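Predicted, not measured: the structure shown is a model, and the values here were computed from it.
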Amino acid sequence: MSLSQIDNPEQSELAPEPVADAPAPRPSDDQQVTILRPAGGWHLINLYELWRFRELLYFLAWRDVKVRYKQTALGVAWAVVQPLLTMLVFSLFFGRLAKVPSDGIPYPIFSFTALVPFTFFSTGLTQSSNSLVGSANLVQKVYFPRLIIPVATVLSALVDFAIAMLVLLALMAFYRIAPSWHAVWLPAFVLLALATSLGVGLWLSALNVEYRDVRYVVPFLTQFWMYATPVAYPSSLLHQPWRTIFGLNPMAGVVEGFRWALLGVATPPGAMVLASSTAALLLLVSGALYFRRMERTFADVV
């Protein structure tokens with residue numbers, strides 16, 4: 001006991017004894033503690049984690065659809081206005097003035113059949129490239145697989161594609177063109193367009209977080225890609241092996257596949273589709289790997 005406590009006995013009775021710091025409470029056995037650490041290096045896609053967040057994928061895709069046509073005068077009609085107007089321009093300048101061949105098919109439906117999948121590709125590419133930056137608040141506050149954001153954006157473009165397909169079927173009926181049994185391959189070509197759009201979208205969305213110049217590059221890229229794809233002209237103008245090499249553009253195989261499946265084009269795009277599928281697979285895998293590598297920096301940079 002100190003001298004100050006002897007001089008003041010009341011203080012000595014009321015002053016508590018010093019207590020050592022108590023250890024932090026440990027979680028009980030029935031409590032689960034999840035520790036989130038950023039992954040470093042190159043990592044593959046965790047498909048199980050994506051499946052766990054499948055409901056979030058659905059709601060984000062549906063949100064993109066509603067936001068796209070919110071407070072618009074024409075609504076979902078915008079899904080067909082762009083390809084229809086482009087078809088009219090192509091029919092006038094390439095079909096009538098330049099006399100570009102169309103493999104014996106009326107030029108308007110020849111070009112529109114190519115514009116439907118290419119518009120789906122360009123819409124998914126454009127929207128997904130800016131998806132992470134547009135969802136910055138969500139990325140910074142809540143944990144979920146960031147891959148869901150560009151995937152949901154590309155999937156939402158399927159709604160526009162379905163509407164444009166209905167218009168294409170109506171045009172086929174107008175020109176009295178009936179699809180052959182080759183139409184059973186149509187879902188495979190849609191999947192190829194989806195993989196191409198997602199692969200390029202993963203690259204650009206990850207790059208756009210670090211370099212905001214990407215949003216200025218995307219319009220030029222989609223326009224250049226359209227003219228590098230046989231949308232306004234047939235790939236039959238090229239001879240082998242250049243026609244197969246031309247298929248390294250994944251959308252070339254998609255466009256020619258659509259014409260072969262729906263319009264009955266005589267030349268099957270077998271080798272071209274094989275080259276396009278290989279290129280699309282490389283784009284998708286490399287884009288997913290790069291996206292996963294940069295994912296740990298998104299919340300800090302975006």
Within 45° cone of F110 ring axis and under 6.0 Å: R259 NZ or CZ: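 Yes, R259 lies over the aromatic ring of F110.
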Close aromatic pair by centroid cut-off 6.0 Å: W203 and Y290: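 Judged by ring-centre distance (under 6.0 Å), W203 and Y290 do meet the cut-off.
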Tell me which pairs pass salt bridge (Lys or Arg N to Asp or Glu O under 4.0 Å) where either residue lies in residues 157-183, with sequence neighbours left out.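 Matches after skipping sequence neighbours: R68-D160.
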Could you check whether any side-chain N or O of [X] sits under 3.5 Å from a backbone N or O of [Y], counting only pairs where one atom can act as donor and the other as acceptor?
| X | Y | value |
| --- | --- | --- |
| T153 | I149 | yes |
| Y233 | S102 | no |
| S135 | L132 | no |

May I ask you to check whether over 12 heavy atoms, not counting those of [X], lie within 6.0 Å of atom [atom1]?
| X | atom1 | result |
| --- | --- | --- |
| E55 | CD | no |
| R54 | CZ | yes |
| Q223 | CD | no |

Pairwise side-chain contact, M226 with S122, heavy-atom cut-off 4.5 Å (strictly under):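 With C-beta onward as the side chain, the pair stays apart.
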S156 side chain near Q127 side chain, heavy-atom distance below 4.5 Å: no
May I ask you to decide if the ring planes of W181 and W260 are parallel, tilted or perpendicular, using 30° and 60° as cut-offs?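 W181 and W260: perpendicular rings.
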Residues which pass salt bridge (Lys or Arg N to Asp or Glu O under 4.0 Å) with R146, listed by chain and number, not counting sequence neighbours: none
Report yes or no: do S276 and N249 form a side-chain donor-acceptor pair below 3.5 Å?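 Per modelled atom types, S276 and N249 side chains form no pair under 3.5 Å.
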Going through the distances and angles, do F118 and W225 end up as a ring pair (Phe, Tyr, Trp, His ring centres under 6.0 Å)? CA-CA 9 Å; F118 190 86; W225 206 314; 7.6 Å; no
Among V154, L284, L283, find the residue that satisfies the side-chain contact (heavy atoms from CB on, under 4.5 Å) test when tested with V200.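 Exactly one candidate clears the test, L283.
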Assess the residue pair F298 and F291 against the criterion (ring pair (Phe, Tyr, Trp, His ring centres under 6.0 Å)); give the C-alpha distance rounded to whole Å, side-chain angles, the decisive distance to 0.1 Å, and a yes or no. CA-CA 10 Å; F298 289 163; F291 189 95; 5.2 Å; yes
Of all heavy-atom pairs between A152 and L60, which one has the smallest distance, and what is that distance? CB-CB, 3.7 Å
